Amino acid sequence: MDAQVKEFLDKVASRNPHEPEFLQAVQEVAETIIPFIEETPKYKKTRILERMVEPERVVMFRVPWLNDQGDVEVNRGFRVQMNSAIGPYKGGLRFHPSVNLSILKFLAFEQVFKNSLTGLPMGGGKGGSDFDPKGKSDSEIMKFCQSFMTELYRHVGADIDVPAGDIGVGGREVGFLFGQYKRIKGEFTGVLTGKGISWGGSAIRPEATGYGVVYFAEDMLATRGETLQGKTVLVSGSGNVAQYTVERCIQAGAKVVTLSDSEGFIYDPAGIDNAKLAYLMDLKNEQRGRIKEYADKYNCEFFAGERPWKIKGDIAFPNATQNELDEEDARTLVRNGCICVAEGANMPSTPDAIHVFTEAKILYAPGKASNAGGVAVSGLEMSQNSLRISWSRNEVNSRLRDIMKEIHSICVKYGTEKDGYINYEKGANIGGFVKVADAMLAQGVV
Ligand code: NDP
């Protein structure tokens, strides 16, 4: 590792002990950004990167609520307001028992670059709670969301900080959170995105991350004269991002053969068609069941406690969670002929896995570029709320398509290496950094 990078990372590590996910995200950025900063004195002198790794603000709070038995439960809530140089803080809320400050800081840090890449005026933030929605009744989910917002409302607002969904937070939770905000503040504003279509939501928002990551993969494949038509695709996860990745893959003529959840993965060699996808959406979004039930219903294999990367496929979409694809998985994918990995999840590939992809010179896109479609359409939802209008599905979808294309071009611009290989990670980091860094320079020492 470059001496300057090591010195920088040692300093960040000593200030943020016990935050491995945050340090991992910073390292991924520092390795490509520091050499760039070394050649750009205005960023070096003003210690822009040192400022960017320090959140502008972190809020941490108690979330007490009553379960269905009438017992008191206590969770911890967070909001990390990372950077507001180019717009109000923007980023999702995650409800999952693994949530802690390290995970939210990594997500908020990545969000700053991602939001910048969309070209829309959004700063970066992320929040959530260690609350586990699994097995909770609708009434418990509502009580938790109301208690969570009873504190969060002081820190957010349509021009301040605009949260959205993430793992464990979908349309139902956004509804309960929005209802409570409106009740406390007595105003109807675009304080959250991912709202229902009849109360300020945008068309295509549920689809946006999944469609966006597939659009991005199509642009990557086009650089090698390839398309999705006829390709075999591996998808992990079975939530929001995974579902709409499958939908768009089917539309593009590809065959998706895997899906997963935290208990294992299914392998359906015949491919997931529209009828199976409709079953999956009902299973996951309404029945709140497990992916194993898909294997039972369609009589295919379920691999308990495993991840899908050992299956042979041309393209992989890791769409579940961070660090779900390690070095060995990456080697297996490459050995099996995988030509493209586009991340729908945030930081699903470990640093060693990324090195395997880039050494093998296969197409690899980091989540901050390829999964930016979700926040991009959230940005469009904010615009529609401000204008008090709503655009059609076609209008939003075509804007999403254009934004993903533009992010791809930025990656090509900043990430193309001497031998012509496109290093999307480098391209996304530098492309995302420049806009935020220039705004910070213009605003003085803030
Ligand atoms: P959902 O809650 O809808 O689905 C999450 C999926 O990932 C579920 O299948 C879940 O399985 C699985 N999963 C979660 N945690 C783990 C774990 N620790 N190990 C294995 N599997 C796990 O979330 P989303 O689809 O919205 O989010 C998926 C990823 O995409 C996340 O990394 C998120 O940050 C990222 N993302 C989401 C965006 C959005 O718009 N929603 C935007 C950009 C990125 P189980 O049901 O068993 O928990």
Side-chain angles (χ1 to χ4, degrees), residues 21 25 90-100 103-104 106-108 110-111 113-115 117-118 124 126-128 130-135 163-174 192-194 201-202 204-213 216 235-246 258-266 280-281 283-285 287-294 303-309 317-326 342-349 365-379 381 400 404:
E21 293 86 1
K90 180 89 198 88
L93 296 170
R94 178 175 290 191
F95 292 169
H96 192 271
S98 64
V99 163
N100 58 33
I103 288 180
L104 294 179
F106 116 62
L107 289 163
E110 292 238 305
Q111 195 83 46
F113 293 80
K114 182 188 310 191
N115 293 3
L117 284 168
T118 66
K126 199 84 188 189
D130 59 358
F131 172 73
D132 186 358
K134 277 201 200 89
D166 190 73
I167 291 179
V169 179
R172 173 181 62 166
E173 292 74 17
V174 169
L192 288 155
T193 57
S202 175
I204 304 285
R205 178 60 189 91
E207 294 88 342
T209 309
Y211 280 18
V213 70
F216 198 90
V235 173
S236 67
S238 48
N240 172 266
V241 180
Q243 292 169 15
Y244 288 102
T245 296
V246 175
T258 65
L259 286 166
S260 72
D261 65 18
S262 49
E263 288 166 17
F265 79 92
I266 58 109
L280 170 79
M281 288 184 171
L283 174 70
K284 284 286 166 181
N285 309 342
Q287 316 304 325
R288 308 207 178 258
R290 310 305 303 155
I291 198 65
K292 182 176 181 307
E293 294 168 53
Y294 177 104
F303 295 81
E306 291 189 57
R307 300 179 295 205
W309 315 126
F317 291 103
N319 284 1
T321 194
Q322 64 274 359
N323 293 327
E324 56 160 321
L325 196 165
D326 63 18
E343 297 182 342
N346 287 307
M347 210 168 76
S349 309
K368 61 172 83 78
S370 49
N371 73 29
V375 74
V377 173
S378 275
E381 183 172 331
L400 169 64
M404 297 315 295

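Keep in mind the model is a prediction, meaning the values are calculated, not measured. Just so you know, ligand 1 is whichever comes first in the structure, and atom 1 is the first atom listed for that ligand.
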Counting both backbone and side chain atoms, is some N or O of D261 under 3.5 Å from an N or O of ligand 1?
-> no
Atom 3 (O) of ligand 1 [closest protein heavy-atom partner, distance rounded to 0.1 Å] | N240 N, 2.9 Å
In terms of residue, atom name and distance, what is the protein heavy atom nearest to atom 15 (N) of ligand 1?
-> H96 NE2, 3.6 Å
Salt bridge (Lys or Arg N to Asp or Glu O under 4.0 Å) involving D261 - partner list, sequence neighbours excluded | K284, R290
Name the option, out of G239, A320, P348, that contains the heavy atom nearest to atom 28 (C) of ligand 1.
-> A320
For atom 25 (O) of ligand 1, the protein heavy atom that lies nearest, with its residue and separation | V241 N, 3.0 Å
Say whether S260 and ligand 1 are in contact under the criterion: heavy-atom distance to a ligand atom below 4.0 Å.
-> yes
among protein heavy atoms, the one nearest atom 39 (C) of ligand 1 is T209 OG1, 3.4 Å
Is V169 touching ligand 1 with its side chain, its backbone, both, or neither, if touching means heavy atoms under 4.0 Å apart?
-> neither
Does atom 10 (C) of ligand 1 have a protein non-hydrogen atom under 4.0 Å from it?
-> no
Output yes when a side-chain donor or acceptor of T258 lies under 3.5 Å from a complementary backbone atom of V235, and no otherwise.
-> yes
Identity and distance of the protein heavy atom lying nearest atom 23 (O) of ligand 1 | I167 CA, 3.5 Å
Min heavy-atom dist R94 to ligand 1 below 4.0 Å | yes
Top protein contact for atom 34 (O) of ligand 1, by heavy-atom distance | D166 OD1, 2.6 Å
S262 to ligand 1: N or O pair under 3.5 Å?
-> yes
Atom 2 (O) of ligand 1: closest protein heavy atom, distance to 0.1 Å, is G168 N, 2.9 Å
How close does the nearest protein non-hydrogen atom get to atom 18 (N) of ligand 1, and which residue and atom is it?
-> T321 CG2, 3.7 Å
Would you say ligand 1 has an N or O under 3.5 Å from any N or O of A242?
-> no
Qualifying residue for side chain to side chain contact (heavy atoms under 4.5 Å, CB included) with N346, from D166, I103, I167 | D166
Just jot down the salt bridge (Lys or Arg N to Asp or Glu O under 4.0 Å) partners of K90, sequence neighbours excluded, or say none.
-> none
Between K134 and ligand 1, does any nitrogen or oxygen pair lie at a separation below 3.5 Å?
-> yes
With only distance considered, is Q322 within less than 3.5 Å of ligand 1 through an N or O on each side?
-> no
Decide whether an N or O pair under 3.5 Å exists between N371 and ligand 1.
-> no
Say whether E263, considering both its backbone and side-chain N or O atoms, lies within less than 3.5 Å of an N or O atom on ligand 1.
-> no
Looking at R290, which atoms of ligand 1 are within less than 4.0 Å of one of its heavy atoms?
-> 45 (P), 46 (O), 47 (O)
Where's the contact between K368 and ligand 1, heavy-atom distance under 4.0 Å: side chain, backbone, both or neither?
-> neither
